[in-house]
Protein chains: 2
Amino acid sequence: MRQDGTRNKHDDAARAGWLYYVAGNTQDEIAAKLGVSRQTAQRLVSLAMSEKLIKVRLDHPIASCLALASELRSRFALDLVEVVPSDPGNPDTTLGVADAVAAELERLLSAPEPRIIGVGTGRTLKAAVEAMSPIDCPQHKIVSLTGNIAPDGSAAFYNVIFSIADKVSAPSFPMPMPVLASSASERELLHQQVGIERTLALAAQASVSFVGIGDLGPKAPLYMDGFITQDELKLAQKAGAVGEMLGWTFNADGVLIQGMINDRVASPPFPSRETSLVVAAAKGANKVDAIRAAVRRRLVNGLITDEETAQALLA
Amino acid sequence: MRQDGTRNKHDDAARAGWLYYVAGNTQDEIAAKLGVSRQTAQRLVSLAMSEKLIKVRLDHPIASCLALASELRSRFALDLVEVVPSDPGNPDTTLGVADAVAAELERLLSAPEPRIIGVGTGRTLKAAVEAMSPIDCPQHKIVSLTGNIAPDGSAAFYNVIFSIADKVSAPSFPMPMPVLASSASERELLHQQVGIERTLALAAQASVSFVGIGDLGPKAPLYMDGFITQDELKLAQKAGAVGEMLGWTFNADGVLIQGMINDRVASPPFPSRETSLVVAAAKGANKVDAIRAAVRRRLVNGLITDEETAQALLA
DNA sequence: TATTCGCATGGGCAATTACTCATATTGTAG
DNA sequence: CTACAATATGAGTAATTGCCCATGCGAATA
């Protein structure tokens, strides 16, 4: 019943959205055509937007974004760079970057040749996956590049492998283990488990990976989400850590911090930039140092970011 | 100068459109962010829409459209069916159908395997091509399935091969000859010309073709555009002709009319439905009979139409 | 240099859209 | 059957948007 109700509502919303955005009707006309009140029509249109039934994409290469992209590409010898416009004044939404990642993922997944695609975690990737259209692509495999167990034992919220599995019908492979092991030796044990070993092997074969970048400032996601304590964060900062990808912390030169957190990162080794494409999706002033470090040391060979961040990286 | 001015304007328009539709800013905010007046911001946003810098697409399978599509598919054994929502009250715009054709074309053209794609003529196809994004795909070949010379010797306006060539950078092959020859024998002569013979051979190899369908009522496009006289139209109607594709007139059973106009159609033979996909793009009450004839006799094996037309076809 | 033309700009106003809140309806549990 | 909760609806209102017009700026032309 509720199923049906929702479906019909979404149908109507889609129809209303189509009439509004594509056919250019006013909400009064839509109300008349659908036989509802104007307010209801308005709600349907707004629902079509908020539920992403209607997708809007910018189809024009904004010159300055293109210029920034090509400068980033040559400066850091990157293989894939995408720069989306910024929304000055709303510096914290992942909006544009997520959309761009979604588009890239859709492009990849709609290709016929089978691929193994690695995905990390984070708000940006999560938002990207949510912006994707459902797609049927059993030829590909999607493998998580991090554990999916939060410190309290629950499923880590920003792990995106499950969101992807909901959205696209491709075989997907979570890493059934914590993000951080309690010690280096526990990590070894975990990695020797048969199921995990197999998934790790699969991850190593990924030809494209998407990862988020976390900063290690006072609001480091690793700390905010409870993966590390404040003391551990302080120690890492003292050791020069500026950012983190897949849990691996690194300093301003893009060199992995020795010991400490990195001894316990349960993720597979960082994917190869010689044999595969590793795309970082990140934006924001607080991440600039981390992103710069990652691209300078070529921890990644692809970057999707926004205009402001691109400018800061090149400054 | 104008080049630069326009480019910057389009840049600004794209940016404004992005801020408006993607980031959800109001026009006041956009005005502030771009440093222009609110009115200018409004103009930029509206420009972004009218210039199609911002593309909107419906990303939700409206149940009734899906149902109609699958019923059409099974009833007429079609290989490709797409049904888009109708805009009740605006029955004459090619809007939705053209967008759907554009999406299908973009999908085809962005595939890596080389293809030969045939295109017919007509308002719907023309609108579809105009709705496409520019795309670089030198691997494909696009070949016109009709002549491109109007009766008065000028370029036939609704020939779309040139529009396509403007839009996508793929080798394209017009048919440098009239749509209708003056006689059957002139047609033979035309078809033996070296340049044309080669293009005809190419057309025969098309693996996908898109064609419009014209009705043969009192406002038959073939007549309105001056390709045939009113007497010829009347004669064709008397002979039972209900529609026309690529100039080939056919009756309600989808059987080509013997003699008359069809003796003079300069187009290559109708593409094979055994070895290739032939998609008709058409909608409208006045075309229902023609479309039904075409799908019943399998003159086409693909159809892109709208809800109302689909309902009429199934009635 | 003066004139005219084209076009961009911003004010003002009408139309349209978004939101808030009170009320009605539907479904659900006791 | 009643009460409750959740949700949907409609009226009223504030905010936003679209359009027309008067004004001004700059370029082309005489």
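Reminder, nothing fancy here: chain letters follow the sequence lines and each chain counts from 1.
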Enquirer: With respect to the side chain of R43(B), which nucleotide from dT9(C), dC19(C), dG12(C) is positioned closest?
Expert: dT9(C)
Enquirer: Take the protein atom CG of L44(A) and the nucleotide atom P of dT7(D), then report the distance between them rounded to whole Å.
Expert: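 Taking CG of L44(A) and P of dT7(D), I get 17 Å after rounding.
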Enquirer: Has E307(A) got a side-chain atom pairing as donor or acceptor with S86(A)'s backbone, closer than 3.5 angstrom?
Expert: yes
Enquirer: Are the side chain of T124(A) and the backbone N or O of T94(A) linked by a donor-acceptor pair below 3.5 Å?
Expert: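 Side chain of T124(A) to backbone of T94(A): no pair is present.
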Enquirer: Just how far is it from atom NE2 of H60(B) to atom OG of S133(A), taken to the nearest 0.5 Å?
Expert: 12.0 Å
Enquirer: Are OP1 or OP2 of dA18(C) and a side-chain N or O of Q42(A) less than 4.0 angstrom apart?
Expert: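 Indeed, a polar side-chain atom of Q42(A) lies that close.
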Enquirer: Whole Å only: how far is the CG atom of D12(A) from the P atom of dT7(D)?
Expert: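 For the pair D12(A) CG and dT7(D) P, the rounded distance is 18 Å.
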Enquirer: Would you jot down, in residue-number order, the residues of residues 22-37 of chain B having a non-hydrogen atom under 4.0 Å from DNA chain C?
Expert: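 Per residue number, the list reads S37(B).
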Enquirer: Any chance you could measure L95(A), atom CG, to L19(B), atom CG, to the nearest 0.5 Å?
Expert: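 If I round to the nearest 0.5 Å, the distance is 10.5 Å.
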Enquirer: To the closest 0.5 Å, what do you measure between OH (Y21(B)) and CG (L53(B))?
Expert: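 Y21(B) OH to L53(B) CG: 11.5 Å, rounded to 0.5 Å.
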Enquirer: Tell me, which of residues 46-53 of chain B have any heavy atom that sits under 4.0 Å from an atom in DNA chain D?
Expert: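 Close to the strand, none.
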Enquirer: Checking only heavy atoms, does the side chain of Q39(B) share a donor-acceptor pair with the base of dG11(C) at less than 3.5 Å?
Expert: yes
Enquirer: Taking NZ, NE, NH1 and NH2 as the nitrogens, is one of them in K52(A) or D99(A) under 4.0 Å from a carboxylate oxygen of the other?
Expert: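 No.
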Enquirer: How far does CG of N159(A) sit from OG1 of T146(A), to the nearest 0.5 angstrom?
Expert: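 N159(A) CG to T146(A) OG1: 4.5 Å, rounded to 0.5 Å.
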Enquirer: Donor-acceptor check, side chain of E71(A) to backbone of L68(A), threshold 3.5 angstrom: yes or no?
Expert: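 No.
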Enquirer: Less than 4.0 angstrom between a side-chain N/O of Y20(A) and OP1 or OP2 of dT16(C), yes or no?
Expert: no
Enquirer: What pair of heavy atoms forms the shortest contact from N148(B) to P176(B), and how long is it?
Expert: OD1-CA, 3.8 Å
Enquirer: Given dT9(C), dG12(C), dT9(D), identify the nucleotide with an atom nearest to the side chain of T40(A).
Expert: dT9(D)
Enquirer: Within this structure, what is the CZ-to-P distance between R38(B) and dA8(C), rounded to whole angstrom?
Expert: 18 Å
